[in-house]
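One structure is given here, and the rest of the page talks about it.
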Amino acid sequence: MTRRYWNINLKEMIQAGVHFGHGIKKWNPKMSPYISAKRKGTHIINLARTARFLSEGCDLVFDAASQGKSFLIVGTKKEQRI
């Protein structure tokens, strides 16, 4: 897998609200390495780590697409349904 540079901007991620996680009572303990803080009953996600894994995910999808593989994208929220 070839590493590429993806334009992932931490400031834009903060403006989009990416750093807000679930409520403190509704969390999976496996998420603890990715949580940087707790504020007002909400977990705050570590954006530096998120950006790194997002970049790796983009590399994976790019490589698969360049090999002609197909993708199925599933959205479960009402806002995502078409």
Self-check item: Non-neighbouring partners of Ala65 that pass side-chain contact (heavy atoms from CB on, under 4.5 Å), sequence neighbours left out
Solution: Phe71
Quiz item: To the nearest 0.5 Å, what is the distance between CZ (Arg52) and CD1 (Ile8)?
Solution: 12.0 Å
Please tabulate, for the side chains in residues 35-50, all donor-acceptor contacts under 3.5 angstrom to protein atoms that are two or more places apart in sequence or on a different chain.
| from | atom 1 | to | atom 2 | distance (Å) |
| --- | --- | --- | --- | --- |
| Ser36 | OG | Ile44 | O | 3.2 |
| Asn46 | OD1 | Ala48 | N | 3.1 |
| Asn46 | OD1 | Arg49 | N | 3.3 |
| Arg49 | NH1 | Pro33 | O | 3.1 |
| Thr50 | OG1 | Asn46 | O | 2.8 |

Quiz item: Are Phe53 and Val61 joined in one hydrophobic group, where the rule is that I, L, V, M, F, W and Y side chains link up if heavy atoms are under 4.5 Å apart?
Solution: no
